[in-house]
Amino acid sequence: MSSSAHEPNDAGLPAWASAVPPEAREFQGHRAGFVTRLLAVGIDFATVGVVLTALYVGWAIVLFAVNPVSFSLPSISFLAVLAIGAGVSWLTFTIAWATTGRTLGGRVMGIRVVSYAGKVMRPVGAGLRAAFCLGFMPGLFWGIVSHENRSLLDTVMRCSVIYDWTRRAPAREGKTQR
């Protein structure tokens with residue numbers, strides 16, 4: 001017998017509340033603040049940095065294995081690093097927002113991106129959001145002055161970044177949850 005997320009448990013709390021730290025329960029489902037979002041993005045970009053470093057080291061190992069006698073570390077232009085980093089970031093954000101609604105940074109900080117209906121975004125919407133986020137980063141700073149804690153991106157895309165410490169992602173947009 002499975003319980004609904006809204007049915008009370010033995011402590012009289014909804015099922016989702018047992019996963020949420022007691023201090024955070026009053027914020028669950030509310031829009032996340034700018035600092036929380038900034039920290040999540042910092043974690044995400046650090047993760048991309050680790051991925052880029054791993055790709056570079058892997059590339060160097062392959063070059064060494066192919067020709068160890070005349071091996072030298074490969075050089076790569078800053079523009080290429082930016083382009084590859086943007087591609088990895090876009091892919092990471094798109095997949096994360098279209099599947100669970102949260103990136104690694106979002107998971108650590110307890111936030112999730114949801115559609116206007118409070119559901120996980122569709123893949124196309126997640127991809128557009130990721131492109132907008134990377135292409136127009138200054139729009140994120142609108143969240144500082146917004147009374148609704150929404151960036152310019154959130155306003156245009158009709159989505160929100162909410163506090164959500166639960167493990168289970170909301171239903172996908174366009175699908176009903178059983």
Side-chain angles (χ1 to χ4, degrees), residues 19 21 24 31-115 119-146 149-170 172-173:
R31 288 196 184 102
F34 177 76
V35 173
T36 304
R37 294 172 67 162
L38 186 64
L39 290 171
V41 168
I43 292 167
D44 292 335
F45 284 139
T47 304
V48 169
V50 169
V51 169
L52 293 177
T53 301
L55 288 172
Y56 179 81
V57 169
W59 182 28
I61 290 171
V62 168
L63 291 176
F64 178 77
V66 169
N67 192 357
V69 175
S70 63
F71 172 76
S72 66
L73 285 174
S75 64
I76 186 164
S77 74
F78 182 70
L79 191 59
V81 171
L82 281 179
I84 295 167
V88 169
S89 296
W90 179 85
L91 189 62
T92 301
F93 292 164
T94 300
I95 291 170
W97 293 335
T99 55
T100 63
R102 62 170 43 138
T103 60
L104 177 61
R107 182 172 172 86
V108 169
M109 297 306 298
I111 60 176
R112 183 184 308 272
V113 175
V114 293
S115 70
K119 300 181 186 245
V120 173
M121 296 181 77
R122 293 183 178 140
V124 171
L128 286 172
R129 186 179 197 283
F132 194 140
C133 184
L134 293 167
F136 190 65
M137 286 187 192
L140 299 173
F141 291 96
W142 180 253
I144 295 171
V145 296
S146 169
N149 283 349
R150 296 181 78 173
S151 68
L152 182 60
L153 167 66
D154 297 336
T155 304
V156 170
M157 296 291 301
R158 294 181 55 203
C159 58
S160 294
V161 179
I162 61 169
Y163 290 109
D164 185 358
W165 288 271
T166 60
R167 288 182 174 245
R168 187 171 184 199
R172 179 176 306 278
E173 201 174 84

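For this chain, numbers begin at 1 and follow the sequence in order.
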Next on the checklist: Does anything in residues 44-54 form a side chain to side chain donor-acceptor pair (under 3.5 Å)? List the pairs, not counting sequence neighbours.
Outcome noted: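 Passing the test, one end in residues 44-54: D44-T103.
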Checklist entry - Checking W90 side chain against G127 main chain: does a donor-acceptor pair fall under 3.5 Å? => result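 Such a contact is found between W90 side chain and G127 backbone.
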Next on the checklist: Test your reading of the model: is there a side-chain donor-acceptor pair from R102 to the backbone of G110, 3.5 Å cut-off?
Outcome noted: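 Between the backbone of G110 and the side chain of R102 there is no qualifying donor-acceptor contact (under 3.5 Å).
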Go through the structure and list residues passing ring pair (Phe, Tyr, Trp, His ring centres under 6.0 Å) with [X], not counting sequence neighbours.
X    : value
F64  : F71
F132 : none
Y56  : none

Item to check | Spatial distance of atom CG (L128) from atom CZ (R122) [nearest 0.5 Å] | outcome: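 Here the interatomic distance stands at 12.5 Å.
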What is the minimum heavy-atom distance between [X] and [Y], and which atoms define it?
X    : Y    : result
P74  : A60  : CD-CB, 4.0 Å
C133 : L140 : SG-CD1, 4.1 Å
T94  : A130 : OG1-CB, 3.5 Å
G139 : S151 : O-CB, 3.6 Å

Among residues at least two apart in sequence or on other chains, which ones pass side chain to side chain contact (heavy atoms under 4.5 Å, CB included) with [X]?
X    : value
S146 : W142, E148, R150
V48  : L52, V88, S89
Y163 : F27, A32, T36, I111, W165
S75  : none

Next on the checklist: My understanding is that only residues two or more places apart in sequence, or in another chain, count here; which of them pass side chain to side chain donor-acceptor pair (under 3.5 Å) with S72?
Outcome noted: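 Side chain to side chain donor-acceptor pair (under 3.5 Å) list for S72, sorted by chain: empty.
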Checklist entry - side chain to side chain donor-acceptor pair (under 3.5 Å) with R31: which residues, sequence neighbours excluded? => result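 Result, side chain to side chain donor-acceptor pair (under 3.5 Å) vs R31: S160.
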Item to check | L134 side chain near F93 side chain, heavy-atom distance below 4.5 Å | outcome: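 Side-chain contact under 4.5 Å: yes.
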Next on the checklist: Side chains of V114 and D164, heavy atoms from C-beta outward: is any pair under 4.5 Å?
Outcome noted: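 SC-SC contact between V114 and D164 ruled out.
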Checklist entry - Which pairs, with at least one residue in residues 51-63 and sequence neighbours excluded, count as a salt bridge (Lys or Arg N to Asp or Glu O under 4.0 Å)? => result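 Matches after skipping sequence neighbours: none remain.
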Checklist entry - Among pairs that include at least one residue of residues 126-142, which meet salt bridge (Lys or Arg N to Asp or Glu O under 4.0 Å), considering only residues two or more places apart or in two chains? => result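 Listed once each, the pairs are R129-D154.
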